Amino acid sequence: MASVKDRNGREASYDNSQRRAAPNPDTGPKGASAGLQYSGLEAYFGHHRQSAGSSLLRLLRSPFSSLLTWLVIAVALALPMGLTVMLDNVSGLTENLEGSSKITIYMKLTEDDQNALQLSQQIAQRQDVDSVEFISRHEALEEFKELSGWGDVLAYLDNNPLPSVIVVQPAEHVDSAGKVAGLTEKLESLSGVDNVQVDLQWVQRLNALFAVLKRVVIALAALFGVAVILIIGNTIRLAIENRRDEIIVVKLVGGTDPYVRRPFLYTGFWYGFIGAALAWCLVNISLLWIANPVNQLAALYYSRFNLHGLSFADTFLLMLFGGFLGIAGAWIAVKRHLDDIEPQ
Amino acid sequence: MNSDNMIHFDRVNKRYPGGFEALADVSFQLQRAEMAFLTGHSGAGKSTLLKLIMLMERPNKGQIFVGGQNLERFPRRQIPYFRRHIGVVFQNHQLLFDRTVFDNVALPLEIAGVTPKEIGRRVRASLDKVGLLKKEKVKPITLSGGEQQRVGIARAVVNKPSVLLADEPTGNLDPELSEEIMQLFQQFNQVGVTVLVATHDLALVKQMRHRVLRLDHGQLIV
C-alpha cells in the first residue's frame with residue numbers, strides 16, 4: 001500500500017502493486033497546474049468553512065421548522081440550566097447565613113442578673129463581636145409566659161427556673177463556620193457560663209439538602225442532554241433521507257465519506273449551539289421575571305441578596321456544550337444512515 | 001498484460017445474491033483512447049459491467065484492471081479518489097434539481113478541492129463543449145431531456161477523466177438528439193478519452209463504426 005500524489009498533488013493513495021496508480025489522467029487537453037488546485041489542507045479547511053456556512057444557511061432558509069427544533073432543544077437545555085442558576089444563587093445565600101448566625105449564651109442559675117449584665121458588657125467590647133442583647137431572668141420568664149402558654153404552671157414553682165441569657169451577634173468578619181466555632185469556644189470558657197449554643201444546625205441541614213438537590217440537577221441535566229442528542233439525531237436522520245439523491249450523486253463523482261458527512265455534522269452543531277443560546281435567553285427572561293419578588297423577599301430579611309444569571313464565560317461554555325451535543329447526535333445519525341447510502 | 005489497456009476484464013464472473021448470474025466468464029480489453037459500444041438486451045449485464053469498472057460492485061471471480069490498476073481488494077476508503085478519474089453518464093442523468101446547471105457541473109471539482117476561479121473556468125469550458133454555456137444559471141428542471149443529458153455529460157467530463165462511461169445515455173431521447181449525444185462522446189474520444197457506451201440503439205451503433213461488445217445473458221459474444 002503506497003501513498004501516491006496524483007497529477008494535481010491532491011491526496012490520493014492507491015494500492016500500488018501495479019505499475020500505474022490510477023488511470024492515466026494526462027488525456028485531458030492540459031493538466032491542471034499549480035495554483036489551480038488547493039493543497040490538501042486548504043481544501044480540507046475550505047470545505048469545513050463552506051459546510052459550516054451552507055448548513056447554517058440551509059437551516060435559516062426554512063426558518064419555521066428550524067425554529068421549532070431550536071425551541072425544543074432550548075426548552076430541554078433551559079430546565080437544568082435554570083435549576084443550576086437557582087441553586088447557585090441560593091447556596092451563595094446560605095454561605096452568608098453561616099457567618100451571620102447568632103450565638104446564645106445561657107448563664108449558670110447561680111449567677112444573678114447583675115453579674116450576667118457585667119459579662120455581657122465585657123463581651124460587647126470584644127473585637128469579634130458586633131452587638132449583644134441581654135435578657136434578664138425576669139424578662140426570660142415573662143417571655144416564656146407569653147409565648148409558651150404554660151404560664152400558669154410557673155406559678156407553682158418556688159423560684160424562676162430560667163437563667164439569664166446573652167445573645168451575641170458576631171462581627172461581620174466572623175463569616176465562616178470555623179470562625180464562629182472559635183468564638184463559641186472562647187465564650188464557653190468565660191466564668192459563669194453554663195452553655196453556649198450556635199444556631200447553625202438548620203444551615204447545615206439546608207446545605208445537606210442542597211448537596212442532594214445538586215445531584216438531582218446533574219442527573220436531570222444528563223437526562224436532558226441525552227434527550228437533546230436524540231432529538232438532533234432524529235432531525236439529522238430526516239435531513240439525510242431528504243437529501244438521499246444528492247448524497248448518491250456526490251458519492252458517484254468521488255465524494256469521500258467524511259466529505260459527505262461534514263455538512264450534516266455542522267447542521268447538528270448549529271442545532272445544538274443556537275438551541276443553547278435560546279436556552280440562555282429563556283433562563284434570563286425567567287430570571288428577570290422573578291427578580292422583583294425575590295428582591296422584595298430579600299428586603300424583608302434586610303438582605304442585600306441579588307439574583308445573578310450566567311456569566312459570559314459560562315454562557316459561552318454552555319453554547320459550546322450545546323454544539324457538542326449537536327455533533328454527537330448528528331454523528332449517531334450519520335453513522336447509522338449515511339454510510340449505508342451507496343449508489344446502486 | 002498489455003500496458004496500453006485502459007480497461008481489462010479477465011474471466012470475470014458476477015453473481016448476485018439469490019443466484020442470478022449477471023456476467024459469466026467475461027474477458028475483454030479496451031485500449032487507451034479507444035471507443036466502444038456495449039450492447040445487448042435489457043438484463044444482459046451491461047449495467048453490471050459498468051458498475052464493476054466504477055467499483056459500485058465487486059466481481060465474484062476473475063480480475064479487473066483499470067489503467068493498469070488491479071481492482072481486486074481495492075480499499076473501500078480509496079474508492080472516491082479512484083472515481084474522480086472516471087466520468088459517468090446515466091440514463092436518468094442524476095442531476096440535482098435544487099441547484100443551477102453551473103453548480104451541478106461544478107460538483108466534481110468542488111469535491112476534488114479545485115479553487116473557485118479554476119472551477120469557473122473549467123465549468124464554462126465544459127458547458128461550452130456541450131453547447132449549454134448560456135444556460136449555466138438556470139435550474140435543470142427547466143431544460144429539455146436532451147439538454148439535461150448534456151449537462152450530465154458536462155459534469156462527467158469537467159474533471160478531465162481518462163475514462164468516460166455511459167449507461168443508456170440516449171434511452172429517453174429521440175433519434176436526432178441521440179445522434180448529437182453520440183457525436184459528443186466521439187469528440188471526447190478524439191481528444192484521447194477512453195469511452196465505453198452501453199446502449200441498445202443498434203441503428204446508431206452501426207452508424208458510428210466503433211468496436212462493439214455484445215452481451216447475451218451475461219456472456220460476451222465476440
Side-chain angles (χ1 to χ4, degrees), chain A residues 1 3-4 6-47 50 58 61 242-243 245-260 339 342-344, chain B residues 1 3 6-7 32-33 51 54 56-57 65-88 90 94-99 104 107-108 110-119 121-122 125 155-163 191-194:
Chain A
M1 184 73 205
S3 185
V4 180
D6 69 11
R7 77 177 145 148
N8 297 325
R10 61 194 172 212
E11 49 181 327
S13 67
Y14 297 104
D15 184 328
N16 203 24
S17 53
Q18 297 297 320
R19 292 173 52 236
R20 293 199 69 90
N24 179 6
D26 297 328
T27 44
K30 209 167 65 184
S33 52
L36 305 178
Q37 184 98 25
Y38 284 128
S39 75
L41 215 59
E42 275 175 328
Y44 178 78
F45 286 115
H47 188 242
Q50 195 229 327
R58 193 177 278 268
R61 234 178 275 143
N242 281 336
R243 295 171 67 185
D245 293 344
E246 184 184 340
I247 292 162
I248 288 178
V249 171
V250 169
K251 285 196 176 182
L252 271 176
V253 297
T256 59
D257 283 348
Y259 182 94
V260 180
D339 294 359
E342 279 293 335
Q344 292 297 317
Chain B
M1 199 191 92
S3 68
M6 183 52 92
I7 297 170
R32 213 173 275 287
K51 283 177 183 175
M54 283 201 74
M56 286 162 74
E57 299 280 0
F65 300 86
V66 176
Q69 169 87 28
N70 190 345
L71 299 192
E72 200 178 22
R73 284 192 289 276
F74 195 89
R76 186 184 174 277
R77 287 186 49 204
Q78 299 299 332
I79 291 174
Y81 303 101
F82 172 78
R83 284 192 186 145
R84 291 176 194 179
H85 298 285
I86 300 177
V88 198
F90 304 89
Q94 297 270 26
L95 297 179
L96 299 173
F97 288 102
D98 63 342
R99 45 185 92 183
N104 265 284
L107 189 65
E110 278 169 14
I111 288 170
V114 177
T115 60
K117 206 176 142 198
E118 177 68 2
I119 286 179
R121 200 181 69 74
R122 275 157 75 171
R155 185 183 65 193
V157 299
V158 74
N159 232 351
K160 293 172 187 157
S162 27
V163 180
V191 295
V193 182
T194 310

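Bear in mind that the values here come from a model prediction, so they are computed numbers and not experimental data. Lettering of chains follows the sequences in order, A, B, ..., and the numbering in each one begins at 1.
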Original post:
Got a salt bridge between Asp98(B) and Arg243(A), using NZ or NE/NH1/NH2 to carboxylate O under 4.0 Å?
Top reply: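 Answer for the salt bridge query: no.
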
_I need the Arg84(B) CZ to Asn159(B) CG distance, nearest 0.5 Å._
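Rounded to the nearest 0.5 Å, the CZ-CG separation comes out at 8.0 Å.
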
Quiz item: Using a cut-off of under 4.5 Å for heavy-atom pairs, which of Met56(B), Met54(B), Lys51(B) has the most such pairs with chain A?
Solution: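 Top option by heavy-atom pairs under 4.5 Å: Met56(B).
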
Can you tell me which portion of [X] sits under 4.5 Å from chain A's heavy atoms? Options are side chain, backbone, both or neither.
X	result
Arg155(B)	side chain
Lys117(B)	neither
Phe97(B)	neither

- With respect to Lys251(A), which candidate in Ile247(A), Val249(A), Val253(A), Ile248(A) satisfies the side-chain contact (heavy atoms from CB on, under 4.5 Å) definition?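 Looking at Ile247(A), Val249(A), Val253(A), Ile248(A), the match for Lys251(A) under the side-chain contact (heavy atoms from CB on, under 4.5 Å) is Ile247(A).
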
Heavy atoms of other groups near Arg99(B) CZ, more than 12 under 6.0 Å:
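Check passes, neighbour count above 12.
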
